[in-house]
Peer 1: 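Once you've had a glance at the structure underneath, I'll fire off some questions.
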Amino acid sequence: MISAIRGTHDILPGEVERWQFVERIARSLCDRYGFAEIRTPVIEKEELFAKGSGESTDIVQKEMYAFTDKGGERITLRPEATPSMVRAYVEHSLEHALPFAKLFSMGPMFRYERPQKGRQRQFHQFDVEVFGISDPAIDAEVIDLAWSLVTELGIAQAELVINSVGCPDCRPKFHEALLAALGDDLPKLCGDCQRRAVINPLRIYDCKVPADQPIIDKLPHAVDYLCEPCATHFTGVRSHLDAFGIPWTISHRLVRGLDYYTRTTFEVLGQTLGAQNAILGGGRYDGLVKKLGGPDRVGIGFAAGIERLVLALPESVKVVPPARAFVVALGEAPRTEALRILRELRVAGIPAEMEFEARSMKAQLKRADRVQAALAIIVGDDELARGEVTLRDMRKSEQRAVARAHVVEAVRTSL
RNA sequence: GUGGGCGUAGCUCAAUGGUAGAGCACCGGCCUGUGGCGCCGGACGUUGCGGGUUCGAUCCCCGUCGUCCACCCCA
């Protein structure tokens, strides 16, 4: 037997309805908030992510499905959406057509990691990006969309955390302060932290080693070292969120693992996801468009893990299939007529099914029951002779004769 | 990449060093043209794969693959 590749999954009927529910709400929200859909390729040049996501990130260093194609080009399956969105924005000069571009996309992402709860090698993201708007109101709008997604899906016990990581002007000062405060304690931290101190001191806040926590708890906070514009921006974001009535808390430890973030960062954390508790995460990336060869336009966005949304969905989300009819045929001549009825119903827009194997009426009705058919249309020699069918209401267990010519109308009114 | 748990019927799981069983699901009968409930019957397994120990392995050992959880990282 050939099985699916490790870390990839088939989404089967019964499960896929929950996905469709999530996707439906996401699209509906984008409609309401004025976001347009964009679809970008699953494969990109490797350098897009080396430059975009950041050479130092784990995603680029060890998690990309990168390979050389038959033309000798370095290609990768996309590990995240943002660089692709930026590339498309730059490549098509969307700053002209869409000066204030509000875009969304959904699709598979790929990271070579060890699978666990809420983490697959092929996973799916709902991704939202805005280009060209720097007002803190847009930060709040993007966060509002993210929060509305979670609440409209009925995900309980979700928590919104925000932070500001500053900009290239003020972050060096914060890094300095961080290292100064660390001082003699630095050698006491874990190996990962020692490396972070050199590459990206901010990410010391990501550390979960228990022994390091007392030291990290005493470190200065990024928000206290923001430059004037960044501080004003962050205050604006918070007051807009308050105006929207969205509950937030500041997490000084929310620094995120991608290099491009500036100013606002945020995550929504869930309860039912095991160790992978981030349902969605994002932030502002004001230098990224320019870095990828585009105009100097700001950006902000987030990505939500669809698997994680589905995991966090309440059990009670059961998608009820539309009412349907089931055609039952008894014998050869009735079967031909039954097939015509089946097609008439479908052409008329009525979901209808039929058992094609010549089985007993009992078996056919059992099948009708299995597919939760609301109506059975029974066609046998008796009905054929009278120019009728028997219309059985499966829920009420009542049935009546209906003229052959009026079958579609009778079914439509009885469903 | 590291650590641990688990791989037995389609699904959920039992069992024993002497060649496997239940519940659900499936098919049929009771009901010769009437589903759900009930009763009766049927079909279904190279016990993940490879090797080793043993007279004999589903069980013990080694390897491998898969899976789950955690670290790491992140959606």
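Reminder, nothing fancy here: chain letters follow the sequence lines and each chain counts from 1.
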Peer 1: What is the nucleic acid contact for A:Ala368, judged by heavy atoms within less than 4.0 Å: base, sugar-phosphate only, or nothing?
Peer 2: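 No contact.
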
Peer 1: Could you tell me how far B:G33 sits from B:U58 if I compare only their C1' atoms? Round to whole Å.
Peer 2: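 My reading of the C1' atoms in B:U58 and B:G33 gives 49 Å.
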
Peer 1: Send over the distance from A:Glu113 CD to B:U2 C1', rounded to a whole Å.
Peer 2: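 Rounded to the whole Å, the gap is 14 Å.
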
Peer 1: With a 3.5 Å cut-off and just heavy-atom distances, do the side chain of A:Gln116 and the base of B:C72 make a donor-acceptor pair?
Peer 2: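 Yes.
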
Peer 1: Just how far, in rounded Å, is C1' of B:C74 from OH of A:Tyr260?
Peer 2: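 Going from OH in A:Tyr260 over to C1' in B:C74 covers 11 Å.
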
Peer 1: Could you go through A:Phe104 and A:Phe35, starting from their C-alpha distance and side-chain angles, then the distance that decides it, and tell me whether this counts as ring pair (Phe, Tyr, Trp, His ring centres under 6.0 Å)?
Peer 2: CA-CA 6 Å; A:Phe104 81 95; A:Phe35 285 74; 7.7 Å; no

Peer 1: Taking atom types as they are modelled, is there a donor-acceptor pair under 3.5 Å from the base of B:G3 to the side chain of A:Arg114?
Peer 2: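 Yes, a donor-acceptor pair under 3.5 Å.
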
Peer 1: Would you call the rings of A:His252 and A:His221 parallel, tilted or perpendicular, where under 30° means parallel and over 60° means perpendicular?
Peer 2: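 It falls in the parallel class, under 30°.
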
Peer 1: Which part of the nucleic acid does A:Asp127 contact within heavy-atom distance under 4.0 Å: base, sugar-phosphate only, or nothing?
Peer 2: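 Since no nucleic acid heavy atom lies under 4.0 Å of A:Asp127, the category is nothing.
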
Peer 1: Among side-chain atoms of A:Tyr285 and A:Glu129, is any donor-acceptor pair under 3.5 angstrom?
Peer 2: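 Short answer, yes.
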
Peer 1: Identify whether any heavy atom of A:Gln372 sits under 4.0 Å from a base atom; if not, whether one sits that close to sugar-phosphate; answer base, sugar-phosphate or nothing.
Peer 2: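 The answer is nothing, as A:Gln372 stays clear of every strand by at least 4.0 Å.
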
Peer 1: Give me the distances for all protein-to-nucleotides 28-30 of chain B N/O pairs that come in under 3.5 Å?
Peer 2:
| from | atom 1 | to | atom 2 | distance (Å) |
| --- | --- | --- | --- | --- |
| B:G28 | OP1 | A:Arg359 | NE | 3.4 |
| B:G28 | OP1 | A:Arg359 | NH2 | 2.6 |
| B:G28 | OP2 | A:Arg359 | NH2 | 3.1 |

Peer 1: Could you check whether A:Gln61 gets within reach of a base, just the sugar-phosphate, or nothing at all, counting any heavy atom under 4.0 Å?
Peer 2: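 Nothing, no nucleic acid heavy atom in range.
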
Peer 1: Starting at the 5' end of RNA chain B and moving along, which residue's nearest nucleotide shows up first, A:Leu330 or A:Gly305?
Peer 2: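 By nearest-heavy-atom nucleotide position, the 5'-most residue is A:Leu330.
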
Peer 1: Would you say OH of A:Tyr65 has more than 12 non-hydrogen atoms from neighbouring residues, nucleotides or ligands within 6.0 angstrom?
Peer 2: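 For A:Tyr65, atom OH is crowded (more than 12 foreign heavy atoms under 6.0 Å).
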
Peer 1: Considering only B:G33, B:A70, B:C74, which nucleotide approaches the side chain of A:Arg308 most closely?
Peer 2: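 Closest nucleotide to the A:Arg308 side chain: B:C74.
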
Peer 1: Identify whether any heavy atom of A:Arg119 sits under 4.0 Å from a base atom; if not, whether one sits that close to sugar-phosphate; answer base, sugar-phosphate or nothing.
Peer 2: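 Since a base atom lies under 4.0 Å of A:Arg119, the category is base.
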
Peer 1: Tell me what A:Glu63 touches on the nucleic acid: a base, only sugar-phosphate, or nothing, going by heavy atoms under 4.0 Å.
Peer 2: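 Sugar-phosphate: the residue A:Glu63, judged by heavy atoms under 4.0 Å, touches backbone atoms but no base.
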
Peer 1: Using a 4.0 Å cut-off on heavy atoms, which residues in residues 277-289 of chain A reach RNA chain B? List them by number, or say none.
Peer 2: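 Correct list: A:Ala278, A:Ile279, A:Leu280, A:Gly281.
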
Peer 1: Looking just at side-chain N and O atoms, do A:Asp135 and A:His233 make a donor-acceptor pair shorter than 3.5 Å?
Peer 2: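 Checked: A:Asp135/A:His233 side chains show no N/O donor-acceptor pair below 3.5 Å.
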
Peer 1: With sugar-phosphate meaning primed atoms plus P, OP1 and OP2, does A:Gly331 contact a base, only sugar-phosphate, or nothing at under 4.0 Å between heavy atoms?
Peer 2: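 If one applies the 4.0 Å heavy-atom cut-off, A:Gly331 turns out to touch nothing in the nucleic acid.
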
Peer 1: Return whichever of A:Glu307 or A:Asp382 has its heavy-atom-nearest nucleotide of RNA chain B closer to the 5' end.
Peer 2: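 Its nearest nucleotide being more 5', the pick is A:Asp382.
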
Peer 1: Quick one: does A:Gln399 reach the base of B:G33 with a side-chain donor-acceptor pair under 3.5 Å?
Peer 2: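 In this structure, the two groups form no donor-acceptor pair.
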
Peer 1: CZ of A:Arg121 versus P of B:C68: gap in Å, rounded?
Peer 2: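 In whole Å, B:C68 P and A:Arg121 CZ are 11 Å from each other.
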
Peer 1: Can a donor-acceptor pair under 3.5 Å be found between the side-chain atoms of A:Arg392 and the base atoms of B:G35?
Peer 2: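 For A:Arg392, whose side chain was compared with the base of B:G35, there is a donor-acceptor pair (under 3.5 Å).
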
Peer 1: Which range-with-range stems can be found for RNA chain B when each stem has 3 or more Watson-Crick or G-U pairs in a row and both distances sit under 3.5 Å?
Peer 2: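 Output for stems: B:1-7 with B:65-71, B:10-13 with B:21-24, B:26-30 with B:38-42, B:48-52 with B:60-64.
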
Peer 1: Pairing donors with acceptors under 3.5 angstrom, does anything connect the side chains of A:Ser148 and A:Tyr33?
Peer 2: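 Per modelled atom types, A:Ser148 and A:Tyr33 side chains form a pair under 3.5 Å.
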
Peer 1: With no hydrogens and no angle check, do the side chains of A:Glu73 and A:Thr68 hold a donor and an acceptor under 3.5 Å apart?
Peer 2: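 The criterion, which ignores hydrogens and geometry beyond distance, is not satisfied for A:Thr68 and A:Glu73.
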
Peer 1: Do the side chain of A:Arg392 and the main chain of A:Glu398 share a donor and acceptor less than 3.5 angstrom apart?
Peer 2: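 Not at all, since once roles are kept as given, no pair shorter than 3.5 Å links the two residues.
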
